[in-house]
Amino acid sequence: MKNCAPSLLVFASVPPPEHGQNRMVATMIEALEAGPGVVHVDARFSEDMEELGRGLFGKMLRVCGYLREALAARWRAGAGMNLYYVPGPVTWAAVVRDWVVLGVLRPWFRHLVLHWHAIGQGEWAHGSRRCRLRGPAWLDRCARVVSAFVLGRPALSVVVSATSGVDARAVESREVVVVNNGIEDPCADYEERVAPMRRRRAEGFRLGEEAEVRVLFMSRGTEEKGLFDALRALEEVVKRSGGGWCVAATFAGGVALAAEARFVAEGAR
């Protein structure tokens, strides 16, 4: 059997904590392990959901160990190895981490593959006003320049949908591919089991027999992910019903501690 030197280093974390990006990477690793040529550095910067995007200085200490592991793998594999990386969102902790990781590793690898899950940093780095870093405007402008440099012109950008490729285009990716996120269908018997129930509920609302609207928010409850926008939308639903409906909302990822006090205050109105 012919030996195959590792050709791809995946520098990204898998669960825990359990969230979309980690699950995405875990699914990819499981698929790639079926073939040779892949080394995985489990670069876990957060142990739980509350750490995400926080604790810049503590995370920099972890980075050093992960960088040593990645460079050792690259040294063993040789110059033909490629680097896979998932850029973070537009927060200081994530942006500085990306500067350090890509600044150190990118020169040693043949090609860079970016997988855009926490979308926003690519377009922000190239002037978008949709998001910005906290602090003085001049510091935000300087940070954009650095991010544009470290993220610029990857060999390949992977995006999760055709409509989420803004970052990939902004950083002038040489090639862009769409790989839709997905899991096994949890409701394969939708037509037989769920659809009739939904039709009965819709008819109940029409006839005034139903009064509770149940909503599932499929994300972590943070301001950046639209938590308070969702609350305002639910409030509007109740208003337009003339006060005849109540809303029961479930937040799949829970509500972040940083948003909890405001969530309780606005939700109680």
Please check: side-chain N/O of D98 versus main-chain N/O of G88, any donor-acceptor pairing under 3.5 Å?
yes
Judged by atom type as modelled, is there a donor-acceptor pair below 3.5 Å linking the side chain of Y66 to the main-chain atoms of R44?
yes
With a 3.5 Å distance limit and no angle check, can you tell me whether R144 reaches the backbone of S128 through a side-chain donor-acceptor pair?
yes
Atom CZ of residue position R174 - does it have more than 12 heavy atoms of other residues, nucleotides or ligands inside 6.0 Å?
yes
Looking at H126 and D167, would you say the former's side chain and the latter's main chain have a donor-acceptor pair under 3.5 Å?
no
Should D229 and R232 count as side-chain neighbours, where that means a heavy-atom distance under 4.5 Å?
yes
Ignoring hydrogens and angles, tell me if any N or O in the side chain of W116 forms a donor-acceptor pair with the backbone of G165 under 3.5 Å.
no
Taking the side chain as C-beta and beyond, is there a heavy-atom pair between M197 and V194 under 4.5 Å?
yes
Would you confirm whether N82, through its side chain, and L112, through its main-chain N or O, come within 3.5 Å as a donor-acceptor pair?
no
Which atom names give the shortest non-hydrogen contact between R130 and G120, and what distance separates them?
NH2-CA, 3.5 Å
T250 versus F217: any side-chain heavy-atom pair under 4.5 Å?
no
Measure the spacing between CG of L105 and CZ of F11 and express it to the nearest 0.5 Å.
5.5 Å
Identify the two heavy atoms, one from V176 and one from A168, that lie closest to each other, and give their separation to 0.1 Å.
CG2-CB, 3.9 Å
Looking only at side chains, do H115 and Y85 share a donor and an acceptor under 3.5 Å apart?
no
Any donor and acceptor pair, going by atom type alone, linking the side chain of S157 with main-chain N or O of S173 inside 3.5 Å?
no
Between R132 (side chain only) and G135 (backbone N and O only), is there a donor and an acceptor less than 3.5 Å apart?
yes
Do R74 side-chain atoms and M81 backbone N/O form a donor-acceptor pair below 3.5 Å?
no
Polar contact flag, side-chain donor to acceptor under 3.5 angstrom, S147-W99:
yes
Which atom of R97 lies closest to which atom of P87, heavy atoms considered
NH2-C, 4.4 Å
Taking D140 for its side chain and L133 for its backbone only, find out whether a donor-acceptor pair lies under 3.5 Å.
yes
Please give me the minimum heavy-atom distance between A143 and W92, naming the atom from each residue.
CB-CH2, 4.0 Å
